[in-house]
Amino acid sequence: MQQWLQAYLCIVQYRKVNRMQEKLKIILKNTRDLLEKAAGIDETEMIRVKVLGKKGELTDILKSMGKLPPEERKELGRAANDVRKEIENLLEEKFAKVKEAAKEGRFRLEKIDVTEPGREFVLGVKHPLTIVTEEISGIFMSMGYSYAEGPQADTVFNAFDALNSPKDHPSRDMTDTFYISDDVVLRPHTSTVQIRTLIKQEPPIKIISPGRCFRCDTFDATHSPMFQQIEGLLVDEGINMADLKGTLDSMAKKLFGSATKTKFRPHYFPFTEPSAEMDVSCFKCGGKGCNICKGSGWIEILGCGMVHPNVLAVGGLDTEKYTGFAFGMGVERIAMLKYGVDDIRLFYENDMRFINQFK
Ligand code: DAH
């Protein structure tokens with residue numbers, strides 16, 4: 001090789017090494033600046049990858065050194081290694097710092113003030129309608145009745161036809177009952193459960209069935225389109241009106257006090273024959289007459305009667321062998337009487353000031 005060429009190549013090489021050394025200095029300076037500003041673990045890690053990662057700036061230089069002649073490689077290698085060590089130290093320091101800061105941040109966040117007062121645990125109270133339903137159900141359970149349930153939407157058959165209700169009975173009207181379809185209604189009474197039970201069970205039958213009912217009534221102080229009833233049904237051999245009266249009289253005494261008297265007035269229900277409404281002597285005035293009993297001394301609380309043979313027949317029962325009685329009462333009405341509540345709407349408003357009074 002000619003001498004001048006050799007000299008030229010030497011200069012080129014020298015410049016290259018020089019440039020790389022410059023580059024190393026810049027990388028070190030930039031890294032130091034960046035690390036100074038970096039705020040957290042993620043940012044620090046990004047800087048590490050940028051410089052020391054697989055495609056990092058310093059890694060690039062270290063890789064390209066392979067192409068240098070041994071002399072320069074040695075010199076530049078040492079410089080590059082020094083820079084790498086320094087950067088590694090800087091990173092280590094920074095990581096220690098940001099990790100500590102993160103830990104402290106977490107401690108601050110998770111700090112528990114053990115002197116802070118605990119959260120108050122508010123124990124709910126039973127709704128007055130639940131109290132009354134449980135009380136009445138409890139009375140019948142103690143007489144050996146069991147609990148039956150039926151759906152709130154039921155067939156027209158269970159709500160009317162099977163209960164011996166004439167086709168033209170006014171309660172069937174769209175203006176009285178909520179129809180979901182031609183054959184399904186929101187049950188207007190819990191008497192639907194009588195049919196369901198008669199079809200399912202063999203006598204002796206002795207059930208009560210509390211639940212929601214629906215009628216197309218406009219909300220006012222004494223009416224609600226949704227209300228609750230408790231239905232009762234007893235069917236066995238040799239059941240008569242005396243059993244009905246004895247049972248309901250006993251329930252009234254337990255519910256309103258032992259001095260309570262009962263009176264049965266003839267009435268009409270399609271599903272019972274004979275049918276009656278039961279009045280109780282006014283528990284406020286004892287029968288003298290007051291605002292609760294509207295001066296009469298008596299308060300009507302339920303409908304009842306001897307189950308109509310046509311109803312028993314739906315359950316496939318031998319109507320010569322079996323007789324029974326049934327009754328149905330409105331839970332809201334009894335709760336209003338018992339607690340002196342003068343507006344049915346109060347039961348549904350969920351105003352805790354009202355509900356808490358029944359603790
Ligand atoms: N289902 C009647 C109503 O909603 C109440 C009733 C009356 C139920 C007489 C009965 C009964 O079981 O025998 O007004």
Side-chain angles (χ1 to χ4, degrees), residues 133 136-137 140 145 147-152 154-166 169-173 176-178 185-199 201 205-217 222-236 239-249 251-252 262-280 299-315 317 322-334 344:
T133 303
I136 296 171
S137 305
F140 284 105
Y145 283 69
Y147 187 92
E149 227 171 334
Q152 290 173 12
D154 210 328
T155 56
V156 170
F157 178 76
N158 284 345
F160 298 117
D161 299 308
L163 283 163
N164 196 40
S165 156
H169 196 277
S171 64
R172 288 186 179 235
D173 281 357
D176 278 298
T177 299
F178 292 108
V185 292
L186 290 183
R187 67 177 178 190
H189 50 189
T190 42
S191 305
T192 49
V193 185
Q194 287 191 32
I195 302 305
R196 292 179 162 268
T197 309
L198 284 168
I199 290 173
Q201 288 179 27
I205 290 170
K206 220 174 162 187
I207 57 113
I208 50 147
S209 181
R212 285 202 170 89
C213 308
F214 308 84
R215 281 179 204 174
C216 303
D217 276 326
T222 50
H223 294 89
S224 156
M226 189 277 299
F227 56 97
Q228 301 184 30
Q229 286 190 337
I230 298 178
E231 191 77 14
L233 174 69
L234 186 143
V235 179
D236 203 350
I239 300 298
N240 59 39
M241 195 78 183
D243 298 309
L244 178 156
K245 287 173 105 175
T247 302
L248 295 179
D249 182 79
M251 180 223 49
T262 52
K263 180 169 89 172
F264 292 81
R265 277 179 295 102
H267 197 78
Y268 168 76
F269 294 109
F271 30 90
T272 42
E273 182 59 37
S275 306
E277 277 186 333
M278 182 178 89
D279 295 347
V280 291
I299 300 168
E300 180 243 310
I301 63 156
L302 57 80
C304 58
M306 299 305 294
V307 182
H308 198 290
N310 288 354
V311 174
L312 294 175
V314 175
L317 298 189
Y322 293 112
T323 48
F325 65 78
F327 54 88
M329 60 192 107
V331 178
E332 281 83 350
R333 184 173 159 71
I334 294 177
I344 197 171

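Both counts, for ligands and for their atoms, begin at 1 and track the order of listing.
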Gly303 N/O under 3.5 Å from ligand 1 N/O: no

Please report whether ligand 1 has a polar contact with Phe327, defined as an N or O pair separated by less than 3.5 Å (distance criterion only). yes

Checking Glu231 against Ser191: is there a side-chain donor and acceptor pair closer than 3.5 Å? yes

Are any non-hydrogen side-chain atoms of Thr222 and Ile344 less than 4.5 angstrom apart? no

Are the side chains of Ser171 and Arg215 in contact, using a 4.5 Å heavy-atom criterion? no

Atom 2 (C) of ligand 1 [closest protein heavy-atom partner, distance rounded to 0.1 Å]: Phe271 CZ, 3.9 Å

Just to be sure I read this right, does ligand 1 sit under 4.0 Å from the backbone of Glu231, its side chain, both, or neither, counting only heavy atoms? side chain

Could you tell me, atom by atom, which parts of ligand 1 come under 4.0 Å of a heavy atom of [X]?
X: Ser191; result: 1 (N), 8 (C)
X: Thr272; result: 13 (O)
X: Gly328; result: 6 (C), 8 (C), 10 (C), 12 (O)
X: Arg215; result: 3 (C), 4 (O), 14 (O)
X: Phe269; result: 7 (C), 9 (C)
X: Gly305; result: 13 (O)
X: Gln229; result: 3 (C), 4 (O)

Backbone N/O of Ile239 and side chain of Thr323: donor-acceptor pair under 3.5 Å: yes

Has His267 got any heavy atom lying under 4.0 angstrom from an atom of ligand 1? no

Answer with yes or no whether Gln194 contacts ligand 1, where contact means a heavy atom under 4.0 Å from a ligand atom. yes

Value rounded to 0.5 Å, distance of CG in Leu163 from CZ in Phe157: 9.0 Å

Rounded to the nearest 0.5 Å, how far does CD1 of Ile207 lie from CD of Gln194? 7.0 Å

Parallel, tilted or perpendicular, judged at 30° and 60°: which one describes the rings of His267 and Phe269? tilted

Name the orientation class of the two ring planes belonging to Phe160 and His189 (parallel below 30°, tilted from 30 to 60°, perpendicular beyond 60°). tilted

Apply side-chain contact (heavy atoms from CB on, under 4.5 Å) to residues Leu302 and Met251 and explain how you reach the verdict. CA-CA 12 Å; Leu302 57 80; Met251 180 223 49; 4.1 Å; yes

